[in-house]
Amino acid sequence: MLRRLYRFHGYGSLNKVYRSGATLRGGSLSLKYGGRKPGTGYRVAVVVSKKVHKSAVVRNRIRRRIFEAIRHYAQDQTLASDLVFTVFDDRVAAMPSDQLTADVARLLEKAH
RNA sequence: CCAGAUUAUUGGCUAAUCGCGUGAGCUUCGGCCUACGAGGAAAGUCCGGGCAGCAUAGGGACGGGCAGUCGCUAACGGCGACCGGGGGCGACCCUAGGGAAAGUGCCACAGAAACAAAACCGCCAGCUUGCUGGUAAGGGUGAAAAGAGUGAGGUAAAAGCUCACAACGCUCUACGGUGACGUAGAGAGUCGGUAAACCCUGCCUGCUGCAAGGAGAUGGAUUCUCUCGAGCCUAAAGCUCGAAGCAUCCCGCUGAGGAUUCAUCACAAGAACCGCUCGAGCCUGCGAGCAAUCGUAGGCCUAGAUAGAUGAUUAGCAGUCCUUGGACUACAGAACCCGGCUUACAGAUAAUCUGGCACC
RNA sequence: GGGCGAGUGGCGGAAUUGGUAUACGCGACGGACUUAAAAUCCGUUGACUGUAAUGGUCUUGAGGGUUCAAGUCCCUCCUCGCCCA
C-alpha cells in the first residue's frame, strides 16, 4: 500500500482524470493517466469493480498487489502524473508477482 | 473397536527483507523510535435496543407485529426450563402450538346432496310396473358426507333404535402442579374444514436513521418568508377565528424559520473536525439458580480507517490433491456501537452420552 | 452504509378474490403455394418417460411450510436491477 500522500481523496480529482485522461490498455488492466503540473508528485488509484469478482477478499488482494507493484516501480523511477488503474479480469489475483510487476511497469513506461 | 447424539474450542505456524494506518515519546522538523492493528460469522440486513433529530414524543384512530405455560433480559419475533403433538431401538431431535356454538367469506371438479341437509345404486313394503313410501348398515363420488368398533337384541327391511364391553372428543367435580396440563370419577353425546382468509381476544408498537446529527450559549434590535382568507368595522389600525409546524388523520401543543447586527459569558483555529470507540465491555475465581441468567471480588484496555490501513515477496515446516515435481491453504474483509436470528465454512481437538460387538 | 423492486416455454408477456399453469405475440419445425426463395395460409411446439392404444411423472429463480389444492399465502436463501451525499 502506498502512503496517504500518493492516493486520491474525494470524487472531484478522480472525475477530472476520467474526463481528460489518456487511456492505455494491458492484458487484464487498463491505465488512465492525466495532466498534472510537473514537480507536484503523483497520485494513484486502483479501481476493482464488483463485476470482476464477487468476493471482497479477492478484490482487496488485487488492489493491494497492484499498489505493491507500483511501489516497487516508484523506488527506481520518478512518477509525475495522476494514475488510475482499472481492473477488468480476476486473473490478476492469481498471476505470479513477476508477471504482474512487469505488466504494471510496461504501462507506466508507455505513459511517460 | 464400529455406528451415532449433543456441546464447546480452534481456524496454518516460524524466520528474514520491504511497506501501510493509529496512538505515545524524541526531534536538528528532514525524520527516528516504540506499542497496537479484522471475524466467528466482520456476511445477509431478518428482528430488538442504545445513541441522534423531529415537542423533554403526550392521548386516540388507522396501520403493523407477536401468540402453549413459567421464567431470563435494556429489549426482542431471542434464550432457558417445562407442558401438549410428531419422529427415532436409544442418546436425542422437530414443532407460527390462542379462538371456528361472536359474525362474514370460501370449499373448484366430481357427486343425489358440501354446511344445510340429503335416496343415485342397493335393501324392504305397496300398487297403477315405474311411481309412492320406509331405510343412513352397504356401494359409488370426493380432500372432506351427521364421532363410533365388536357382540347381542330388535325389524317388513333397517339403523346407538336398545343393551354390554372398548375407543373418541366435550362439560363438570376431586386430587397434584405457580401454570400450561396430568390422573381419577361422573354426566350428556345430530350439528365439518379453513383464521400463514377477513375477523375476535390478549400483549407490544410514533417517524427517520451516523449519508442521523453537531460545529457556540443566552438576551435584544431591524428586516424577510410561511402570510393569506373570513368576521367585527365606512375605511385604516386593532381584535377574534381559520389556515402554518409537529413527515398518515383527529385531539392536543407551539407561532415557526432565515438573514443582518449589538451586548454579556464561554471557546481558541478545527468542515482535511467532532460524533468515533470505556462498553448492557473482556478474562479469572467464588456464590445463587435444573438452566437461560444474576450477584460479587480481583485483574485488563483490546482496530478506529474515510475512494477507505491491517499487506507483498522469499525460505523452512504442517496438511490436502494429483505421476517425478508442482499446485493449493475452509468460509470469508471492520465502516456508529451492542444483544440475537439466519446463511457459508477444508481440516483438527476436547468433553458428556446412546446403540451394537468382543474381552476381563 | 441505508432503503426499495423484480424473477413464469428459446424470447417478450398474461393468469380476477388460492381451483385445469403457460392465453396472446415473436421465433423454430412440418406442409401447401413457387422453377427456387420471400411474403401469405394451415398445422405442431415446456421437459422426461412409456404402451398395440388411451397415457404417466415433473415444471412458475432454489428449498421448506400452511391448505383437500399454491404462480398466488408464510419463512429462509440465490440472482438481477433501482434510489439516497
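Quick note on labels: first sequence line is chain A, next is B, and so on, each numbered from 1. Just so it is clear, the values below take in all heavy atoms, side chains as well, and ignore hydrogens, waters and symmetry mates.
- You'll find the side chain of A:I62 stays beyond 4.5 Å of the side chain of A:R59, heavy atoms only.
- Contact check for A:Y73 versus A:T101: no side-chain heavy atoms found under the 4.5 Å cut-off.
- The same atom, C1', is picked in B:A108 and in B:G142; the two are 12 Å apart, to the nearest Å.
- Nucleotide B:U56 forms no Watson-Crick or G-U wobble pair with any nucleotide shown, as no partner meets the under 3.5 Å limit on both distances.
- Nucleotides B:C226 and B:G245 have their P atoms positioned 13 Å apart, rounded to a whole Å.
- A gap of 10 Å separates the C1' atoms of B:U310 and B:G333, to the nearest Å.
- Nucleotide B:G308 forms a pair with no other nucleotide shown, judged by Watson-Crick or G-U wobble geometry with both contacts under 3.5 Å.
- Nucleotide B:G185 is matched to B:C172 when pairs are restricted to Watson-Crick or G-U wobble geometry with both distances under 3.5 angstrom.
- Considering only the side chain of A:E68, B:C18 comes nearest among B:G308, B:C18, B:U313.
- Of the two residues near RNA chain B, A:P96 and A:V57, the one whose nearest nucleotide lies more 5' is A:P96.
- Applying the 90° criterion around 0 to the glycosidic angle, C:G81 comes out anti.
- In this structure, the side chains of A:V104 and A:F67 stay at 4.5 Å or more apart for every pair of heavy atoms.
- In this structure, the CD1 atom of A:I62 is 15 Å from the C1' atom of B:A312, given to the nearest Å.
- Nucleotides B:G97 and B:U69 are separated by 13 Å at their P atoms, to the nearest Å.
- Across the C1' atoms, B:G193 and B:G99 are found 15 Å apart, a figure rounded to whole Å.
- Across all strands shown, B:A327 forms a Watson-Crick or G-U wobble pair, both distances under 3.5 Å, with B:U320.
- One interatomic measurement links the two molecules: CZ of A:R64 to C1' of B:A309, which rounds to 8 Å at whole-angstrom precision.
- Using the Watson-Crick or G-U wobble rule with both distances under 3.5 Å, C:G27 pairs with C:U45.
- Base orientation of B:G40: syn, since the glycosidic angle falls within 90° of 0.
- Across all strands shown, B:A81 is found opposite B:U69 as a Watson-Crick or G-U wobble partner, with both distances under 3.5 Å.
- The minimum heavy-atom distance between A:F85 and A:I70, with the atom names listed, is CE1-CD1, 3.4 Å.
- Classification of B:A38 as syn follows from a glycosidic angle within 90° of 0.
- Going from the C1' atom of B:G356 to that of B:C345 covers 33 Å, rounded to whole Å.
- Among the heavy atoms of the strands lying under 4.0 Å from A:R65 are primed sugar atoms or P, OP1, OP2 only; no base atom is included.
- For B:G39, the base is anti relative to its sugar; the glycosidic angle deviates from 0 by more than 90°.
- Between A:L107 and A:L83 the shortest side-chain heavy-atom distance does not fall below 4.5 Å.
- Nearest to the side-chain atoms of A:R71 among the listed nucleotides B:G19, B:G333, B:G308 stands B:G19.
- Rounded to whole Å, atom P of B:U17 lies 15 Å from atom NE2 of A:H72.
- A salt bridge does not link A:R65 with A:E68: none of the charged nitrogens is closer than 4.0 Å to a carboxylate oxygen.
- A:R61 places its CZ atom 13 Å from the P atom of B:U310, with the value rounded to the nearest Å.
- Counting only heavy atoms from C-beta outward, the side chains of A:V48 and A:I66 never approach each other to under 4.5 Å.
- Between the P atom of B:G333 and the CZ atom of A:R59 lies a distance of 8 Å, rounded to the nearest Å.
- Across the P atoms, B:A195 and B:G139 are found 31 Å apart, a figure rounded to whole Å.
- Comparing the same atom, C1', in B:A38 and in B:A309 gives a spacing of 11 Å after rounding to whole Å.
- Along RNA chain B, the nucleotide nearest to A:D98 and the one nearest to A:A45 differ in position, and the one closer to the 5' end is contacted by A:A45.
- Rounded to an integer number of Å, the gap from A:L100 CG to B:U313 C1' is 12 Å.
- Under the 4.5 Å side-chain criterion, counting only non-hydrogen atoms from C-beta, A:K110 is not in contact with A:Y33.
- For B:U190, the base adopts the anti conformation, since its glycosidic angle falls more than 90 degrees from zero.
- Atom pair A:Q99:CD and B:A312:P shows a separation of 18 Å (rounding to whole Å applied).
- In this structure, B:A215 forms no base pair with any nucleotide, since neither Watson-Crick nor G-U wobble geometry is met with both distances under 3.5 Å.
- B:G238 is paired with B:C232 under the Watson-Crick or G-U wobble criterion, all donor-acceptor distances under 3.5 Å.
- Atom C1' of nucleotide B:A332 and atom NE2 of A:H53 are separated by 12 Å, given to the nearest angstrom.
- Residue A:R63 has no polar side-chain atom (N or O) positioned under 4.0 Å from OP1 or OP2 of B:A312.
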